[in-house]
Amino acid sequence: MVKLDDYTPIIGREQAQAIRELGRKLRGAVVQHINSAAVGGGVAEILKRLVPLMQDVGLRPRWDVLQGTEEFYTVTKTFHNAFHGQAVQVNERMFEIYREISRQNYQLVDGGADFVILHDQQPLGLAEIREGHPGKWLWYCHVDPVDVDERVWNFLRSFASRCDGAIYHLPEYVKDLGNRVYVMPPAIDPLSEKNRDVTEEERREVLARLGVPDDLPLVIQVSRYDRLKDPLGVIRSFRLIRERVPCRLVLAGGGAGDDPEGMAVLEEVRREAGDDPDIFVLELPPTADLEINVLQRSAAVVIQKSVREGFGLTVTEGLWKGRPVVASPVGGIRIQVLDGQTGLAAQGDQAVAGAVVRLLQDPELAGRLGRAGREHVRQNFILPVYLKRWLEMLLEERGK
Ligand code: UDP
């Protein structure tokens with residue numbers, strides 16, 4: 001099981017001690033996390049590592065998973081899309097299904113927790129029974145809610161506003177609920193398979209297995225095949241880059257197989273790439289953590305040309321590996337890629353191409369940005385730092 005001590009070489013003794021001290025102040029506190037999936041998705045990924053760490057520093061964390069039905073998940077998927085600003089069809093029946101499944105899960109909350117954390121919108125219906133229950137209840141919104149569909153939000157806000165507070169990834173995501181507000185961006189785990197150090201031998205072996213040659217600089221974007229990640233724009237930028245510096249492009253992503261829209265985007269990407277020998281379009285399985293790790297580590301430049309982004313964990317991952325990053329300044333990318341300091345911010349095919357060329361031609365600049373980017377992530381967006389923020393937040397909340 002993962003322990004705080006495992007991270008001491010990364011965060012240093014002083015920081016580890018500060019975290020332990022905060023843990024001592026919360027010794028024995030029962031923190032109940034509730035989400036809707038034991039595996040898959042970013043929240044489960046984070047909880048899998050955060051829960052043991054909370055335990056290691058003296059808290060008594062619990063993690064419960066909401067029991068839904070297929071019908072319920074169809075409803076919450078619609079709500080999820082509604083958070084992303086998609087036009088969705090909602091009706092009273094969907095709200096009733098949501099309320100019904102919430103009722104069936106009321107027994108998850110037994111009154112024994114000092115803190116109840118409802119992750120994302122799926123378990124939010126439990127807040128119906130907030131009144132009269134002990135402990136502090138917090139809703140953690142892990143998505144960008146700025147463009148949430150109004151009808152869906154009006155329904156969900158009645159639950160969210162019953163909580164004592166809400167947690168968001170960025171200040172600009174804060175909704176007006178009339179309760180306390182906390183801002184806590186997500187984090188990556190530097191010791192996970194996706195982010196751990198790899199040996200040169202491993203790196204070469206994985207690249208060979210993926211069929212990606214390593215004799216020219218690689219420009220890489222790792223992302224789901226989604227229009228909001230602008231993979232076609234990446235190809236257009238790449239063609240401008242290659243006119244000036246010999247290099248290759250790797251687009252790597254997965255999840256297209258069971259996502260009809262992802263499939264269509266992947267098709268478009270393959271068509272755009274054509275038989276260009278310098279463009280590698282990879283479809284990766286969900287288990288390809290080491291492959292992603294190796295690709296990011298092998299990048300001369302990591303691109304993230306997103307049109308929109310909640311936080312942008314692929315950027316965090318690229319920065320952590322000390323790679324120079326060129327990314328559009330949207331969503332959470334803006335607090336990660338500080339232009340000219342921890343990477344280059346660029347928007348549009350030409351600007352992105354220009355920024356990548358600059359980095360390919362200036363190894364000194366690329367190295368400096370990469371090092372600063374890694375340090376920025378080390379200080380702000382890795383798991384033990386995230387744990388520290390959690391502890392500070394829980395202490396603050398307990399004092400209210
Ligand atoms: N990811 C992955 N396989 C893929 C594409 C992405 O495991 O084929 C991972 C990626 O490494 C990152 C996460 O999924 O950890 C994507 O998070 P991000 O915030 O970048 O974007 P989202 O997909 O949530 O919009």
Assess the side chains of Trp63 and Asn35: does a donor N or O sit below 3.5 Å from an acceptor N or O?
-> yes

Charged N to carboxylate O under 4.0 angstrom, Glu96 versus Arg103?
-> yes

Going by atom types alone, do Asn195 and Ser192 pair a side-chain donor with an acceptor below 3.5 Å?
-> yes

Do Arg209 and Glu205 meet the salt-bridge criterion of a basic N to acidic O distance under 4.0 Å?
-> yes

Return the minimal non-hydrogen interatomic distance between Val143 and Phe83, and the atom names on each side.
-> CG2-CD2, 3.6 Å

Step through the shown structure and confirm whether more than 12 heavy atoms of other residues, nucleotides or ligands are within 6.0 Å of CZ on Arg358.
-> no

With a 3.5 Å cut-off and no angle check, do the side chains of Gln336 and Thr316 form a donor-acceptor pair?
-> yes

Between Arg24 and Glu21, is there a side-chain N and carboxylate O pair less than 4.0 Å apart?
-> yes

Is the closest side-chain heavy-atom distance between Ile34 and Ile117 below 4.5 Å?
-> no

Between Ala299 and Arg323, which heavy-atom pair has the shortest distance, and what is it?
-> O-NE, 2.8 Å

Sort out for me which residue in Val250, Leu284, Val294 forms a side-chain contact (heavy atoms from CB on, under 4.5 Å) with Leu210.
-> Leu284

With ring centroids as reference points, do Tyr168 and Tyr182 lie under 6.0 angstrom apart?
-> no

Before accepting this row, confirm whether a basic side-chain N of the pair Arg196/Asp189 lies closer than 4.0 Å to the acidic partner's carboxylate O.
-> no

Where do Cys247 and Val219 come nearest, in terms of heavy atoms and distance?
-> SG-CG2, 4.2 Å

In plain terms, say whether Glu131 and Arg162 are close enough for a salt bridge, that is, a side-chain N and a carboxylate O under 4.0 Å apart.
-> no

Phe381: which of Trp320, Tyr386, Phe311 passes ring-ring contact (aromatic ring centres under 6.0 Å, His included) | Phe311

For a ring-ring contact (aromatic ring centres under 6.0 Å, His included) with His33, tell me which candidate from Phe115, Trp390, Tyr140 qualifies.
-> Trp390

From Asp149, Thr74, Val90, residue fulfilling side-chain contact (heavy atoms from CB on, under 4.5 Å) relative to Phe79 = Val90

Does Asp278 pair with Arg242 as a salt bridge, N-O distance under 4.0 Å?
-> yes

